[in-house]
Amino acid sequence: MRLLLIEDDDRIAGPLAEGLGRYGFTVDRARTGAAGLAGTGEAPDLVLLDLGLPDMDGLDVCRTLRARSAIPIIMITARGEEADRVVGLELGADDYLAKPFGVRELVARIRAVTRRTGALQALPQAAQARAPEAAPASVPTAAAQRLGRLQIDRRTRQVRLEGREIALTPREFDLLAHLADDPGAVHSRQQIMDTVWDPHFFGPTKTLDAHVAALRRKLGDPAWIITVRGVGFRLTVPGGAEPGEGAS
């Protein structure tokens with residue numbers, strides 16, 4: 001599996017690349033945001049992105065990368081404030097790891113992200129052997145599901161609203177697909193975290209809220225996802241039939 005590490009500090013990048021190499025990863029490095037956006041040759045399977053870059057803010061790099069593709073992005077940074085984590089996740093990052101951290105923890109997070117984004121087959125055997133197993137998200141593989149004006153195709157991982165494709169991050173797609181597994185039903189916050197993220201996920205408490213907010217914004221109407229105070233969320237069809245009607 002090929003990783004792109006966008007990190008300007010040699011004291012961090014060198015040992016990190018060496019440690020990931022021992023787990024079987026191939027690590028390409030870019031020292032600036034511009035170099036990371038320009039690419040380093042072969043396309044990476046996942047990006048490790050530092051926010052404190054010398055030429056531009058890492059959040060801008062994340063925004064640009066996400067606009068181009070759905071490649072998984074893990075932010076690695078000294079910015080540990082919750083506000084920074086929430087902004088990073090809203091911009092499309094799939095995970096956020098504050099420095100200092102261990103290589104084993106980073107490998108576990110890479111594995112969790114790639115499992116959720118369907119890239120588990122790309123993981124080197126060394127990484128699979130060193131990380132604990134966890135149950136994958138249960139996403140049906142049926143034909144495209146229609147919910148009013150919304151169409152969700154789990155086979156191609158595409159979402160269309162009134163025929164127009166909506167660009168979602170891998171995590172946003174998994175969240176929407178999970179809510180659509182039983183439209184109209186209330187999904188508890190813990191159930192969503194265990195299924196869409198990981199039963200052993202460790203991260204900011206507002207991670208789920210940030211992704212729900214991003215989904216509402218992209219769907220163009222907050223009424224698509226209803227907050228059930230103190231419980232969780234449910235998917236509805238704004239101004240239309242009940243979600244279960246018309247689902248194929």
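Quick note: numbers below take in every heavy atom, side chains included, and nothing from hydrogens, waters or symmetry partners. Nothing here was measured: the structure is a model prediction, and the numbers come from that model.
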Short question: side chain of [X], backbone of [Y] - any donor-acceptor pair under 3.5 Å?
| X | Y | value |
| --- | --- | --- |
| R104 | V107 | no |
| R68 | R63 | no |
| R234 | L179 | no |
| R189 | D209 | no |
| T236 | A223 | yes |
| R109 | L97 | no |

Going by an N to O cut-off under 4.0 Å, is there a salt bridge joining D55 and R31?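 Looking at D55 and R31, the cut-off is not met.
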Is E42 salt-bridged to R2, cutoff N-O under 4.0 Å?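 Salt bridge between E42 and R2, a charged N being under 4.0 Å from a carboxylate O: yes.
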Identify the heavy atoms of [X] and [Y] that sit nearest to each other, and give their distance.
| X | Y | result |
| --- | --- | --- |
| E172 | A167 | OE1-O, 4.4 Å |
| C62 | L91 | SG-O, 4.0 Å |
| D95 | R171 | N-NH2, 4.2 Å |
| A70 | P170 | O-CG, 3.3 Å |
| P72 | D94 | CA-OD2, 3.2 Å |
| E90 | A210 | CG-CB, 3.7 Å |

Determine, step by step, whether I74 and I110 satisfy the side-chain contact (heavy atoms from CB on, under 4.5 Å) criterion, reporting the C-alpha distance in whole Å, the side-chain angles of both residues, the deciding distance to 0.1 Å, and the verdict. CA-CA 8 Å; I74 298 179; I110 292 173; 3.9 Å; yes
Is it true that [X] and [Y] fall in one hydrophobic cluster, defined by side-chain heavy atoms closer than 4.5 Å?
| X | Y | answer |
| --- | --- | --- |
| I73 | I12 | no |
| I192 | I226 | no |
| L49 | M56 | yes |

Can you tell if the side chain of [X] reaches within under 4.5 Å of the side chain of [Y], non-hydrogen atoms only?
| X | Y | result |
| --- | --- | --- |
| D28 | P44 | no |
| L37 | V61 | yes |
| L215 | H211 | no |
| L48 | L106 | yes |
| I152 | F173 | yes |
| Q158 | Q151 | no |
| W224 | R149 | yes |
| L53 | T32 | no |

Could you walk me through whether L168 and K218 pass the side-chain contact (heavy atoms from CB on, under 4.5 Å) test, one step at a time? CA-CA 8 Å; L168 300 182; K218 292 183 178 183; 3.7 Å; yes
[X] side, atom [atom1]; [Y] side, atom [atom2] - distance, nearest 0.5 Å:
| X | Y | atom1 | atom2 | result |
| --- | --- | --- | --- | --- |
| L4 | E7 | CG | CD | 11.5 Å |
| L161 | D221 | CG | CG | 9.5 Å |
| F233 | L208 | CZ | CG | 4.5 Å |
| D60 | L65 | CG | CG | 11.0 Å |
| D50 | D9 | CG | CG | 8.0 Å |

Quick one: do D10 and R29 satisfy salt bridge (Lys or Arg N to Asp or Glu O under 4.0 Å)? Show the steps, please. CA-CA 10 Å; D10 293 336; R29 181 190 172 193; 2.7 Å; yes
Passes side-chain contact (heavy atoms from CB on, under 4.5 Å), T114 versus L46? Steps please. CA-CA 8 Å; T114 52; L46 183 144; 4.0 Å; yes
Using the side-chain contact (heavy atoms from CB on, under 4.5 Å) rule, take L219 and I166 through it: C-alpha gap first, then chi angles, then the decisive distance, then the call. CA-CA 8 Å; L219 291 174; I166 301 175; 3.8 Å; yes
Would D174 and R154 satisfy salt bridge (Lys or Arg N to Asp or Glu O under 4.0 Å), going step by step from the backbone distance to the final call? CA-CA 9 Å; D174 290 342; R154 292 172 173 82; over 6 Å; no
